[in-house]
There are 2 protein chains.
Amino acid sequence: MDSAVARERALDAAEELFYGRGIQSVGMDDIRGASGVSLKRLYQLFPAKEQLVEAYLERRDGRWRGRLAEFVELRSAPEERILAVFDWLEEWFGEEGFRGCAWINSYGELGATSDRVAAQVRAHKRAFGDYLASLVAAAGRPAALAGPLFLLAEGAMVTAGITRSTRPAAQAREAARTLLEPR
Amino acid sequence: MDSAVARERALDAAEELFYGRGIQSVGMDDIRGASGVSLKRLYQLFPAKEQLVEAYLERRDGRWRGRLAEFVELRSAPEERILAVFDWLEEWFGEEGFRGCAWINSYGELGATSDRVAAQVRAHKRAFGDYLASLVAAAGRPAALAGPLFLLAEGAMVTAGITRSTRPAAQAREAARTLLEPR
DNA sequence: ACCGTAGGAGAACGCTCGTTCTCACGTCAA
DNA sequence: TTGACGTGAGAACGAGCGTTCTCCTACGGT
């Protein structure tokens with residue numbers, strides 16, 4: 001098996017297991033079993049579990065933000081683009097296997113003990129916040145709107161994860177619409 | 001040492017360590033060292049670690065909501081009481097040792113593997129949401145306001161925990177004020 | 001004074017898991 | 001053909017930790 005292929009399979013297994021069951025409760029042997037990549041190869045590709053965790057979060061970050069941006073691009077009106085973020089959240093929340101925000105969960109699990117994971121979570125959230133801010137700026141709205149919209153989105157992710165419901169997305173969208181109304 | 005005293009000391013140590021470093025990275029031996037309660041006594045009081053975790057979350061839930069309600073009671077105007085929630089969040093975020101919401105963190109750590117912890121987190125969040133709803137009702141405002149306010153508060157907690165900043169509280173308060181404005 | 005009981009200190013046990021090692025096998029260059 | 005090398009399967013190692021056990025001391029009732 002090609003190294004690149006083995007790497008992808010390992011990351012696929014890591015993503016499914018880490019996201020679904022939490023990082024600490026998944027062993028390297030579980031990754032091996034789910035990916036078919038031998039332990040020897042796993043440790044060649046990722047010298048320690050923590051590096052596999054980092055690679056998982058990093059790949060997921062790119063994909064997550066990519067999917068969001070792709071969805072948002074379908075709308076042309078700047079205000080609609082902002083609201084589309086919440087529409088996308090609703091789709092995401094409804095997906096099979098949704099278990100909340102991977103970064104918030106990882107932060108709860110490892111934020112206090114792993115500086116590198118904590119930094120990655122902060123970077124992801126900053127990137128998401130910056131993206132929201134860019135949408136607000138593109139709509140010609142005051143920059144101060146971005147913070148509250150970000151908080152609504154974060155609250156929706158956390159609440160959807162805990163309550164296993166898509167409803168927070170619609171609530172957040174509605175609140176966002178109100179905040180966006182001209183006064 | 002009296003049993004009741006030992007129990008309190010054990011819970012004090014559990015709260016400080018579990019909240020500060022995460023649950024899984026704290027061993028029963030750490031609890032013993034920090035509390036001065038022997039392992040034998042610990043296991044008499046809490047037959048397994050999971051029960052200590054539950055007792056920790058339960059006691060913290062009572063105290064947390066008690067402190068919040070106490071703070072809110074200081075205001076008399078119904079609208080002010082709603083906003084006071086966010087003022088209290090700001091105070092809380094600024095406390096030494098603040099590390100985000102204990103329940104959100106616990107959910108990230110154990111939500112996928114412990115049904116009892118997951119249920120306790122849901123119960124805590126439901127109680128907080130109900131409390132917010134009662135403040136909204138007391139102010140004679142539409143019940144639909146409670147959801148968005150809840151999401152703002154949750155988003156603020158998560159963001160304050162990750163970024164180690166008190167700013168999300170003020171942002172959430174400002175957004176809440178806007179949502180409360182008569183239109 | 002004596003015995004039964006409770007409690008403390010900490011060793012011990014058993015399991016999990018991250019990481020490394022062994023060994024047998026297949027491959028490819030010379 | 002041969003030998004060096006890479007690889008897979010899985011055993012082995014070592015640490016951490018939840019839980020229990022041992023042993024010793026102190027004390028309370030008679």
Side-chain angles (χ1 to χ4, degrees), chain A residues 1-57 105-106 108-117 120, chain B residues 1-57 105-106 108-117 120:
Chain A
M1 190 192 304
D2 189 318
S3 263
V5 174
R7 189 186 161 85
E8 283 308 295
R9 292 203 187 161
L11 285 173
D12 289 345
E15 180 149 9
E16 173 162 347
L17 295 176
F18 287 159
Y19 179 66
R21 310 197 334 228
I23 294 170
Q24 310 208 56
S25 78
V26 172
M28 292 298 275
D29 208 59
D30 297 321
I31 303 283
R32 179 185 63 96
S35 66
V37 177
S38 72
L39 280 179
K40 183 171 249 171
R41 197 77 107 118
L42 272 181
Y43 276 93
Q44 279 173 2
L45 295 164
F46 309 97
K49 186 184 182 184
E50 181 164 26
Q51 321 215 14
L52 176 58
V53 172
E54 286 170 34
Y56 144 63
L57 288 176
N105 291 345
S106 300
E109 226 182 316
L110 300 173
T113 53
S114 165
D115 287 341
R116 301 178 66 90
V117 167
Q120 228 166 344
Chain B
M1 192 192 301
D2 188 318
S3 262
V5 174
R7 188 184 160 87
E8 282 309 293
R9 291 203 188 162
L11 285 173
D12 289 345
E15 179 149 12
E16 173 161 348
L17 295 176
F18 286 159
Y19 179 67
R21 306 192 342 223
I23 293 169
Q24 311 209 55
S25 79
V26 171
M28 291 298 276
D29 209 58
D30 296 321
I31 303 283
R32 179 186 62 94
S35 66
V37 176
S38 72
L39 278 180
K40 184 172 250 173
R41 199 79 110 110
L42 273 180
Y43 276 92
Q44 279 174 2
L45 295 165
F46 309 97
K49 186 184 181 183
E50 182 165 25
Q51 321 214 16
L52 176 58
V53 172
E54 286 171 33
Y56 143 65
L57 288 175
N105 291 345
S106 300
E109 224 181 319
L110 300 172
T113 54
S114 164
D115 288 339
R116 302 178 67 88
V117 167
Q120 229 166 346

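Quick note on labels: first sequence line is chain A, next is B, and so on, each numbered from 1. All of these numbers come straight from a predicted model, not from anything done at the bench.
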Review point. Tell me, do D12(B) and E16(B) make a side-chain contact under 4.5 Å, heavy atoms counted?
Key: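 When only atoms from C-beta onward are counted, E16(B) and D12(B) do not touch, as no gap falls below 4.5 Å.
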Exercise for review: Evaluate the side-chain proximity of F18(A) to I31(A): yes if any heavy-atom separation is below 4.5 Å, no if none is.
Suggested key: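 A side-chain contact under 4.5 Å exists here.
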**Study point:** Main-chain N/O of L110(A) paired to S114(A) side chain as donor or acceptor, under 3.5 Å
**Key:**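 No, because the side chain of S114(A) does not come within donor-acceptor range (under 3.5 Å) of the backbone of L110(A).
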Starting at [atom1] of [X] and ending at [atom2] of [N], how long is that distance when rounded to a whole Å?
{"X": "F46(B)", "N": "dT20(D)", "atom1": "CZ", "atom2": "P", "value": "16 Å"}
{"X": "Y43(A)", "N": "dT20(C)", "atom1": "OH", "atom2": "C1'", "value": "9 Å"}
{"X": "D29(B)", "N": "dA15(D)", "atom1": "CG", "atom2": "P", "value": "17 Å"}
{"X": "L42(A)", "N": "dC17(C)", "atom1": "CG", "atom2": "P", "value": "16 Å"}
{"X": "R41(A)", "N": "dT19(C)", "atom1": "CZ", "atom2": "C1'", "value": "18 Å"}
{"X": "L39(A)", "N": "dA11(D)", "atom1": "CG", "atom2": "P", "value": "12 Å"}
{"X": "I23(A)", "N": "dG18(C)", "atom1": "CD1", "atom2": "P", "value": "12 Å"}
{"X": "F18(B)", "N": "dG18(D)", "atom1": "CZ", "atom2": "P", "value": "8 Å"}

Taking the minimum atom-to-atom distance to the side chain of [X], which one of [options] wins?
{"X": "K40(A)", "options": "dT20(D), dT19(C), dG8(D)", "result": "dG8(D)"}
{"X": "S38(A)", "options": "dA9(C), dA11(D), dA9(D)", "result": "dA9(D)"}
{"X": "Q44(B)", "options": "dG7(C), dT19(C), dG18(D)", "result": "dG7(C)"}

Exercise for review: Any chance you could measure S106(B), atom OG, to E109(A), atom CD, to the nearest 0.5 Å?
Suggested key: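 Taking OG in S106(B) and CD in E109(A), the distance rounds to 11.5 Å.
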Check your understanding: Using a cut-off of 4.0 Å on non-hydrogen atoms, how would the nucleic acid contact of K49(A) be classed: base, sugar-phosphate, or nothing?
Key -> sugar-phosphate
